[in-house]
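Whatever order the structure lists ligands and atoms in, that order sets their numbers, starting from 1.
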Amino acid sequence: MAQPLLDTTQLCVHTITTKPWPIETAIDRYAAHGVQGMTVWRDALAGRDIAATGQRIRDAGLAVVSLCRGGFFPAETAAGRQAAIDDNRRAIDEAAALGAPLIVLVCGAALGQPLPVSRQQIQAGIEAVLPQAAAAGVKLAVEPLHPMYADSRSAINTLGQANDLCAAIASPWVGVAVDVYHLWWDPHLQAEIQRCGEIGRIFAFHICDWRTPTDDLLNDRGLMGEGCIPIRQIRGWVEEAGFGGFHEVEIFSNRYWTTDQETFLGRIVEVYLASG
Ligand code: ZN
């Protein structure tokens, strides 16, 4: 058997991947499995002292990699857009309290509104909260979503669009999150990774796999190796482009959420190490 090229040094798991676990359990079990980083979903913080939770993560030896998620800026009414900006301001406060250096943005789309209009509102929304993010020392990562979500979850559907948006905003506090689930199909992916990588704008790298058939458009992501995504190749591209951060396992799965989470986490680590 070939020697694995990966160890757990860059392995991060999103709390939503093990959604049935309260965050306290996730912290303990991730640490026990040698996971080095945790991306925290905001729902996992409900009812908690956020600063204390961040400290607990660090005390367990884990890095707080990012907070998921902000965004959802577009809305047909001014009041709706303002409500989104207010929520993103709260997310920035939460990230700062948690000690998370980054917020991942699922940018949003307003159903029935032309996508170019939603894209303008996304840029305006990011620009509105950017001074607060910079003052708090929290970066913002635009995560392009697969076009199947263009109706209501994101009008930013390719890395090219995310790069164009970052170029228009032109702030060192705004970059991209490369998620293989959303981007693997794009013929321009390698070139666009190079484009943002060479200016240091790749802020995050998310991994999972694409199952065939996919039974649920949102919650049927596969474990790495279960699908058709050339994860290793894409990881090579982001590394060639200068990214040296965490490999974040982000799996929404009705299938896995109903299984034993301890077994699932063990399997995540196993397939991750074997994927080198
Ligand atoms: Zn992602």
I need the minimum non-hydrogen distance between Ile122 and Gly108, along with the two atoms involved.
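In this case the closest contact between Ile122 and Gly108 is CD1-O, 3.5 Å.
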Nearest non-hydrogen partners of Leu265 and Trp21, listed with the distance:
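Nearest heavy atoms, Leu265 then Trp21: CD2-CZ3, 3.9 Å.
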How about His206 and His247: are their ring centroids closer than 6.0 Å?
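Distance test on ring centres: not under 6.0 Å, no.
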Please state whether the separation between the Zn ion (ligand 1) and some N/O/S atom of His206 is under 2.8 Å?
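Yes, since at least one N, O or S atom of His206 sits under 2.8 Å from the Zn ion (ligand 1).
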Presence of N, O or S from Asp179 under 2.8 Å of the Zn ion (ligand 1):
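Under 2.8 Å: Asp179 contacts the Zn ion (ligand 1) through an N, O or S atom.
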Between Trp210 and His146, does a ring pair (Phe, Tyr, Trp, His ring centres under 6.0 Å) hold up when you go through it step by step?
CA-CA 11 Å; Trp210 182 283; His146 191 283; 5.1 Å; yes
Geometry at the Zn ion (ligand 1) - Glu250 OE1 versus Glu143 OE2 angle, rounded to 10 degrees:
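Here the angle at the metal atom is close to 160°, to 10°.
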